[in-house]
Asks: 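I am attaching a structure below and will ask some questions about it afterwards.
Start at 1 and go down the list; that is how both ligands and their atoms are numbered. Both backbone and side-chain heavy atoms feed into the values below; hydrogens, waters and symmetry mates do not.
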Amino acid sequence: MKEVAILGGTFNPIHIGHIIAAQEVLTKKNLDHIIFIPTKNPPHKNFKELASPHDRYEMVRLAIKDNPNFMISDIEFKRDGNSYTYDTLIQLKEFMKDTKFHLILGFDALKYTDMWKNHEEVFKMASFIVVNRANSDSEMAEEIEAKKLKYNARISVVKIPDINISSTEIRNRVCNGESIKYLVPYEVEKYILSHGLYRGEGLERLWVYKKWSKKFIKTRKIYTFIKCWERSNKTG
Ligand code: ATP
Ligand code: MG
């Protein structure tokens, strides 16, 4: 029987936190594969600047293409409506027989599982592997114990080096014109920059605005600051 773990996420964009977590789980749990599954419509998030499913899929593909144990699935893009882990697991179990499924979650995401569709069922269908995300061990142990008691859940922890990076931070850096080098794989960085992702919207892309703002660099800086600030308050 094969053992695989699913790492679901918005991946808006994928960053080294995701990749290191996946590799640590793969080796420490001795699994066959990790399947990265980008969500189409994150039901619990209201993104103002969510890159298209195609862009997010491409960035994940580029990030993992050299690792034979990493796979990507577009299963959630192909379904209508919101992306629910419950539906994904049912579908995967249908065409991947003889496979034991685990779900990888950062500790922040574990806290929200009570909001998932049919979460009690999901706890029965898969075991959970939780990775730390710059949180204390005791905080994690408490939450996991509570979930185990409440749902009879199978939850284990894989300790990874704390990587205090988020996609929100990457988006904000790009919008502010700051470097994202080494925070995302090289090809992902190239993709973001060449496709103009996360640069903030509207005015600052217009030619007239650019010309005008060259003369008024201070004004442009203030404008960009406000746009980025607005974005960071509306995303995540
Ligand atoms: P955002 O800031 O947009 O929420 P994110 O960095 O949290 O992005 P997601 O796509 O929301 O990335 O996360 C997918 C999964 O990966 C979640 O389970 C999340 O907890 C986990 N994860 C993300 N970043 C890290 C990290 N730096 N360390 C450990 N786990 C992480
Ligand atoms: Mg997140």
Asks: Quick one: does any side-chain atom of Asn12 pair with a main-chain N or O of Glu49 as donor and acceptor, under 3.5 Å?
Replies: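 Yes, the answer is positive, given that a donor and an acceptor are paired below the 3.5 Å cut-off.
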Asks: Any donor-acceptor pair under 3.5 Å linking the side-chain atoms of His119 with those of Tyr86?
Replies: no
Asks: Give the numbers and elements of all ligand 1 atoms closer than 4.0 Å to a heavy atom of Gly9.
Replies: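 Ligand 1 atoms under the 4.0 Å threshold to Gly9: 10 (O), 14 (C).
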Asks: Below 4.0 Å from any atom of ligand 1, is there a heavy atom belonging to Asn12?
Replies: no
Asks: Run the numbers for me: atoms of ligand 1, each under 4.0 Å from some heavy atom of Val131, listed by number.
Replies: 29 (C), 30 (N)
Asks: Just checking Glu142: does its CD atom have more than 12 heavy atoms from other residues, nucleotides or ligands closer to it than 6.0 angstrom?
Replies: no
Asks: What atoms of ligand 1 come closer than 4.0 angstrom to any heavy atom of Ile163?
Replies: 26 (C), 27 (N), 28 (N)
Asks: At the 4.0 Å heavy-atom cut-off, does Arg171 count as touching ligand 1?
Replies: yes
Asks: Give the intermediate values and the outcome of side chain to side chain donor-acceptor pair (under 3.5 Å) for residues Asn132 and Asp162.
Replies: CA-CA 7 Å; Asn132 45 296; Asp162 270 327; 2.8 Å; yes
Asks: Testing the 3.5 Å rule here: is there a donor-acceptor pair between the side chains of Ser127 and His102?
Replies: yes
Asks: Counting heavy atoms only, which part of His15 comes closer than 4.0 Å to ligand 1: side chain, backbone, both or neither?
Replies: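 Side chain only.
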Asks: My understanding is that only residues two or more places apart in sequence, or in another chain, count here; which of them pass ring pair (Phe, Tyr, Trp, His ring centres under 6.0 Å) with His33?
Replies: none
Asks: On a heavy-atom basis, I'd like to know which of Lys111, Arg133, His18 is closest to atom 26 (C) of ligand 1.
Replies: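 Ranked by closest heavy atom to atom 26 (C) of ligand 1, first place is Arg133.
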Asks: Which atoms of ligand 1 are found less than 4.0 Å from any heavy atom of Asp108?
Replies: 19 (C), 20 (O)
Asks: Any N or O on Leu7 sitting closer than 3.5 Å to an N or O of ligand 1?
Replies: no
Asks: Could you list the atoms of ligand 1 found under 4.0 angstrom from a heavy atom of Ser166?
Replies: 2 (O), 6 (O)
Asks: Between Ala21 and ligand 1, does any nitrogen or oxygen pair lie at a separation below 3.5 Å?
Replies: no
Asks: Mind checking whether Asn164 contacts ligand 1 via backbone (N, CA, C, O), side chain (CB onward), both or neither, at a 4.0 Å heavy-atom cut-off?
Replies: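 Within the 4.0 Å criterion, Asn164 makes no contact with ligand 1.
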Asks: How long is the gap from CD1 on Ile180 to CD1 on Ile170, to the nearest 0.5 Å?
Replies: 6.0 Å
Asks: Geometry only, no angles: is Ile165 polar-contacting ligand 1 at N/O separations under 3.5 Å?
Replies: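 Yes; the residue has a nitrogen or oxygen that sits under 3.5 Å from a nitrogen or oxygen of the ligand.
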Asks: Do any nitrogen or oxygen atoms of Thr168 lie less than 3.5 angstrom from nitrogen or oxygen atoms of ligand 1?
Replies: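 By distance alone, the answer is yes.
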Asks: Which of the atoms in ligand 1, numbered in the order shown and given with their element, are less than 4.0 Å from a heavy-atom of Asn132?
Replies: 29 (C)
Asks: Kindly identify the option in Gly106, Pro38, Gly8, Ala109 whose heavy atom sits closest to atom 15 (C) of ligand 1.
Replies: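 It is Gly8 whose heavy atom sits nearest to atom 15 (C) of ligand 1.
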